[in-house]
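What you are looking at is a predicted structure, and each value in this text was computed from that prediction instead of being measured. Each chain gets a letter, A, B and so on, in the order the sequences are listed, and its residues count up from 1.
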Amino acid sequence: MIDLRLLRDNPDVVRASQVARGDDPDLVDAALDADARRRSSLSEFENLRAEQKSLGKQVAKAQGDEKQALLARTKQLAQDVKSHQATAAEAEQELERVLYSIANVIEGAPAGGEEDFVELKQVGERRDFAAEGFEPKDHLELGEGLRAIDTKRGAKVSGARFYFLTGIGARLELALLNMAMDQAVQEGFTPMITPTLVKPETMQGTGFLGAHADEVYRLEKDDLYLVGTSEVALAGYHSDEIVDLSDGPMRYAGWSACYRREAGSAGRDTRGIIRVHQFHKVEMFSYCAPEDAEAEHQRLLGWEETMMAKVELPYRVIDTAAGDLGSSAARKFDCEAWLPTQERWLELTSTSNCTTFQARRLGVRVRTEDGSTRNVATLNGTLGTTRWIVALLENHQQADGSVYVPEALRPYLGGLELLEPTK
RNA sequence: GGAGACGUCGCAUAGUCAGGUCUAGUGCGCCACCCUGCUAAGGUGGUAACGGGGCAACCCGUUCGAGGGUUCAAAUCCCUCCGUCUCCGCCA
């Protein structure tokens with residue numbers, strides 16, 4: 001939820017953000033109207049309520065005829081209070097509805113849609129398979145050769161976009177995620193294994209029920225949502241709390257399964273495990289002071305790049321355009337690895353600065369020096385996912401179908417230097 | 001799944017049976033000051049969040065797990081839901 005005070009004091013800033021995202025700037029005026037209506041209806045209700053309370057005290061003390069006279073007055077007043085309360089509640093709901101439809105105010109993100117990102121840098125050498133004298137295989141062919149990935153049986157058991165990781169494939173995912181978790185712990189993150197089913201208010205609070213609500217699985221019978229990332233649970237972890245940031249940011253590394261309906265991506269990335277309904281992820285999550293958020297964002301990006309270096313993949317970093325940001329994000333950087341068989345970049349990490357947007361809805365605050373409270377900033381970033389296997393297999397494949405294991409990963413695979421096809 | 005107990009402003013509790021003086025009391029903790037050679041002890045005062053109004057002192061409203069209801073009036077009575085604990089059943 002955006003800051004109502006910002007909306008009142010600087011509506012043009014919010015309008016400009018809406019335009020940059022390709023969203024409707026008129027929502028700003030709708031919100032201002034709703035806010036004005038809410039305030040006037042609220043003060044009418046509050047005045048009536050104050051009168052009702054003071055009369056109530058007189059009723060308690062009064063006797064006989066005097067009491068009867070007061071009761072006659074208060075009965076009518078009770079009706080008025082009730083109706084004005086209902087009006088005020090409606091106005092409040094209307095304001096909330098409009099506020100939730102406004103995405104976070106962007107901070108530095110380039111304007112435009114998915115194609116309007118800015119490439120910040122490229123790191124590492126892309127392999128020249130022609131020069132090496134062989135045609136690269138795609139990750140599924142390699143994965144099947146290694147008996148590491150089984151999409152046929154995934155589909156048999158659970159349907160399209162499901163898979164089994166088998167044998168060395170399962171070990172490879174555990175290795176990647178354990179390496180990610182170890183790095184996070186070394187950097188001072190608190191490791192967390194999080195719930196993957198959450199309540200509606202948690203899902204709503206993190207901003208995932210906005211424009212992309214179709215992406216989210218819902219369990220109708222229990223009124224619970226399956227999370228698409230442990231970010232949801234980690235953001236909800238300190239909801240309705242006043243936290244202590246006097247020792248700097250609070251950092252958590254969440255390990256979880258992630259579930260996505262992929263409703264809008266029919267026909268895209270249907271082969272292999274690039275785009276699937278369930279995968280696993282290690283996610284960094286920070287709570288920090290708003291003025292420290294931009295620097296923290298750079299730190300999270302730095303830790304992502306450290307992981308990219310450990311798996312020895314060529315990648316680039318992009319500054320995502322406003323229209324391609326999630327509703328909670330003010331700015332987002334992605335690390336994309338090169339995918340040789342498709343000759344394109346594939347998103348492996350994504351780090352978002354959500355400023356105070358999530359914390360406001362979730363009620364995460366810090367105590368200020370003057371004794372009041374204010375919302376914290378929240379940030380998140382990927383440290384490893386199942387999808388990394390795709391880039392790792394393709395980039396490190398050898399002519400015979402075996403796959404080179406990056407040095408940093410070897411301790412997590414019992415010292416294995418090469419993944420080889422099993423017979 | 002069945003039975004019961006419980007949920008109060010950091011923590012612990014009073015208040016709920018008998019609705020109005022609850023503007024939610026008290027203890028602990030915390031903060032400030034006093035006392036003191038230092039510390040401990042002691043004394044005094046202050047200590048929930050959110051919203052509205054005001055330059056401000058301050059005023060008003062909402063919140064006693066959540067949401068409804070009864071009533072002139074609800075922490076207190078009724079209903080639904082959520083959570084915690086104890087016991088039983090079932091299953092890893």
Considering every strand and a 4.0 Å limit on heavy-atom distances, what is the contact class for Arg37(A): base, sugar-phosphate, or nothing? nothing
Within 6.0 Å of CD in Glu262(A), more than 12 heavy atoms from elsewhere: yes
N or O in side chain of Lys199(A) less than 4.0 angstrom from A66(B) OP1/OP2: no
Mate of C64(B) where both pairing distances stay under 3.5 Å, Watson-Crick or G-U: none
Going by purine N1 to pyrimidine N3 plus the second Watson-Crick contact, or the G-U wobble pair, all under 3.5 Å, which nucleotide sits opposite A40(B)? none
Taking only the side-chain nitrogens and oxygens of Ser43(A), find out if one of them lies under 4.0 Å from OP1 or OP2 of G61(B). no
May I ask you to check whether Arg251(A) and Tyr287(A) show a side-chain donor-acceptor distance below 3.5 Å? no
Whole angstroms only, please: what is the CZ-P distance between Arg39(A) and G52(B)? 7 Å
Please give, in whole Å, the distance from U62(B) P to Asn47(A) CG? 12 Å
Of Gly56(A) and Ala50(A), the one whose closest RNA chain B nucleotide lies more 5': Gly56(A)
G-U wobble or Watson-Crick pairing nucleotide for U47(B) (cut-off 3.5 Å, both distances): G29(B)
Is the phosphate of C72(B) approached by Gln76(A) (side-chain N or O, under 4.0 Å from OP1 or OP2)? no
Is there a donor and acceptor pair, one atom on the side chain of Glu46(A) and one on the base of G51(B), closer than 3.5 Å? yes
Pick from Asp319(A), Thr320(A), Asn353(A): which one makes a side chain to side chain donor-acceptor pair (under 3.5 Å) with Arg331(A)? Asp319(A)
Ignoring hydrogens and geometry beyond distance, is a side-chain donor-acceptor pair present between Asn395(A) and Tyr404(A) at under 3.5 Å? no
Quick one: is C50(B) close enough that its OP1 or OP2 comes under 4.0 Å of any side-chain N or O from Arg365(A)? yes
Round to the nearest Å and state the distance from Asp240(A) atom CG to C64(B) atom C1'. 16 Å
Tell me whether the side-chain N/O atoms of Arg367(A) come closer than 4.0 Å to OP1 or OP2 in A49(B). yes
Nearest whole Å is fine: how far is U62(B) C1' from Arg49(A) CZ? 9 Å
Identified pairing partner of C35(B), criterion: Watson-Crick or G-U wobble below 3.5 Å: none
Give the rounded distance in Å between these two atoms: CZ of Arg374(A) and P of C50(B). 13 Å
For Phe45(A) and Thr74(A), take the nucleotide of RNA chain B holding the closest heavy atom to each; which residue's nucleotide lies nearer the 5' end? Phe45(A)
Base, sugar-phosphate alone, or nothing: which one does Arg5(A) contact when heavy atoms must sit under 4.0 Å apart? sugar-phosphate
Spacing of Lys75(A) atom NZ relative to U70(B) atom C1', expressed in whole Å: 13 Å
Would you say Lys82(A) places a side-chain N or O within less than 4.0 Å of OP1 or OP2 belonging to C72(B)? no
Could you state the atom-to-atom distance from CD of Gln58(A) to P of U21(B) in whole Å? 14 Å
Is the gap between the ring centers of His277(A) and Tyr163(A) under 6.0 Å? no
If pairing means Watson-Crick or G-U wobble with both distances under 3.5 Å, then the partner of C77(B) is G69(B)
Separation of U71(B) C1' from Leu55(A) CG (nearest whole Å): 15 Å
Distance-minimising heavy-atom pair for Gly254(A) and Thr194(A): CA-CG2, 4.5 Å
Taking a pair to mean Watson-Crick or G-U wobble geometry with both distances below 3.5 Å, A24(B) pairs with none
What is the nucleic acid contact for Arg73(A), judged by heavy atoms within less than 4.0 Å: base, sugar-phosphate only, or nothing? nothing
A3(B) pairs with which nucleotide, Watson-Crick or G-U wobble, both distances below 3.5 Å? U86(B)
salt_bridge(Glu114(A), Lys332(A)) N-O dist < 4.0 Å: no
Checking all strands, does Leu71(A) fall into the base, sugar-phosphate, or nothing category for heavy-atom contacts under 4.0 angstrom? base
Identity of whatever pairs with G19(B) - Watson-Crick or G-U, under 3.5 angstrom: none
